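Okay, so here's the structure we're looking at.
What you see is a predicted model, and the numbers here were worked out from it, not measured in a lab. Labels below follow one simple rule: chain letters A, B, ... track the order of the sequence lines, proteins then strands, and each chain is numbered from 1.
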There are 2 protein chains.
Amino acid sequence: MTIRPAGAGRLSADDWIQAGYAILADDGLKALKIDRLCSRLCVTKGSFYWHFKDLAAFLKAVADRWGASRDERRAVIAELESLEPRERLSRMLDQFADPSGWALERAVREWARTDATVEARVAESDRWVFRAVRQVFVDLGFDADEADLRAKMLFYTAVGFIYVGPQGQRGGRRQRERMLDALTG
Amino acid sequence: MTIRPAGAGRLSADDWIQAGYAILADDGLKALKIDRLCSRLCVTKGSFYWHFKDLAAFLKAVADRWGASRDERRAVIAELESLEPRERLSRMLDQFADPSGWALERAVREWARTDATVEARVAESDRWVFRAVRQVFVDLGFDADEADLRAKMLFYTAVGFIYVGPQGQRGGRRQRERMLDALTG
DNA sequence: ACCTGAACACCGTTCAAGT
DNA sequence: ACCTGAACACCGTTCAAGT
């Protein structure tokens, strides 16, 4: 939230991870260099190596943190279980429609292409979310095949949207609801 | 297609670009280093700098080549115009369902996140394809709003699939056709 | 405990010299 | 025309020394 002013006390590992998140979201994995982190945090490289063994350890810490934030989102979605299916779907989609995490999400998926650990985390998160979406369609009374198909359409649409960004007319929440109506009707 | 055997004559700029494609698809943009290209082609760095001004010029050449291959695909899709809409959609989706280009497609989209030129090319390609898909739904008799919505669902589903890979049961062509039936019905 | 500053290895880049 | 091989600048890494 607040940017650490230059010379405002010592840093924690957390400060480095936050800065890593920001660089990742702004300019992607390629830009995530120690020098860049240092200039952002107004310290020299030695400081980095006091907090982290090496770049790989730092990146692992960043990935762990991302995994933790995914676990939080999973908990939020799990709590929707008590809602009726159509409403549950609506709330799930709200989670994805928030653009504030898209840049980071893309960056992490990009990262996953060249890092097996990150890839495994992303894949596990995808599987969990997909199953939750499929379950909604099962709860709506569709048979296994039909639920699978409809869950795919919705899930891939959401991921695809994060990558491509808005196309065509401005849709917004209204169009999202119409899409859900089409998929659940 | 064929790998250039070590010591088999001199290289062309084209050989470098091919090697670049392969590295990009295999291990992403981060792995696209001059040293890596050289060891793949069995030459030293000086050779690279005879063919290309610098790394940026090489990357531009690779991007141009990708743009050219997109123009070819665009032409293929444009030629489908004479087909009836439902069949046209089926053929379009066949273009996307071929996994052989997915790794490169992801790599180029990843690249686009940190390169404005590549980003512009990808965005233009996306716009063109999206409009072609939307036109099919218009031709099927849907009004502008409905065609826009259905085109989004199909387009984002295709892009999302390329990123996430198969989820749930094995779908294949049969499930693709069922999805098209659902979207066009 | 946390950081500086200088040192060293690696990859992008240059260039004179080779065939 | 096309390539080698050695040189140099940059960023990841180390470490003795500072507060």
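Listed pair A/Y49 / D/dT13 meets the phosphate criterion, a side-chain N or O lying under 4.0 Å from OP1 or OP2. For the pair B/H51 and D/dA1, the criterion of a side-chain N or O lying under 4.0 Å from OP1 or OP2 is not met.
Looking only at distances, a side-chain donor or acceptor of B/Y21 sits under 3.5 Å from a matching main-chain atom of B/W66. Judged by distance alone, the side chain of B/T157 and the main-chain N or O of B/M153 form a donor-acceptor pair under 3.5 Å.
We find that CG of A/L32 is positioned 14 Å from P of D/dC11, with the value rounded to whole Å. Rounding to whole angstrom units, NZ of residue A/K33 and P of D/dT13 are separated by 11 Å. A straight line from NZ of B/K53 to C1' of C/dC15 spans 15 Å, rounded to a whole angstrom. The CG atom of B/D54 sits 15 Å away from the C1' atom of D/dA9 (whole-angstrom rounding). The distance from atom CG of B/L29 to atom C1' of C/dC11 is 15 Å, rounded to the nearest whole Å. The separation between A/L37 atom CG and D/dT13 atom P is 12 Å, rounded to whole Å. Taking atom CZ on B/R10 and atom P on D/dC3, their separation rounds to 5 Å, with Å as the unit. Straight-line distance from the CH2 atom of A/W50 to the P atom of C/dC3: 8 Å, rounded to whole Å.
Environment of CD in A/E81: sparse, with no more than 12 heavy atoms of neighbouring residues, nucleotides or ligands closer than 6.0 Å.
Distance from the side chain of A/T44 is smallest to C/dT4 among D/dT13, C/dT4, C/dG12. The side chain of A/L55 has D/dG12 as its nearest neighbour among D/dC3, C/dT4, D/dG12.
Taking a pair to require two hydrogen-bonding distances under 3.5 Å in either a Watson-Crick or a G-U wobble arrangement, C/dC8 pairs with D/dG12. Base pairing annotation: D/dG18 forms a Watson-Crick or G-U wobble pair with C/dC2, both donor-acceptor distances under 3.5 Å.
Taking only distance into account, the side chain of A/K45 never meets the base of C/dG5 through a donor-acceptor pair shorter than 3.5 Å.
The only member of A/F161, A/Y163, A/F96 that meets ring pair (Phe, Tyr, Trp, His ring centres under 6.0 Å) when paired with A/W102 is A/F161.
Taking the six-membered ring for Trp and thresholds of 30 and 60 degrees, B/F58 and B/F52 have ring planes more than 60 degrees apart, a perpendicular arrangement.
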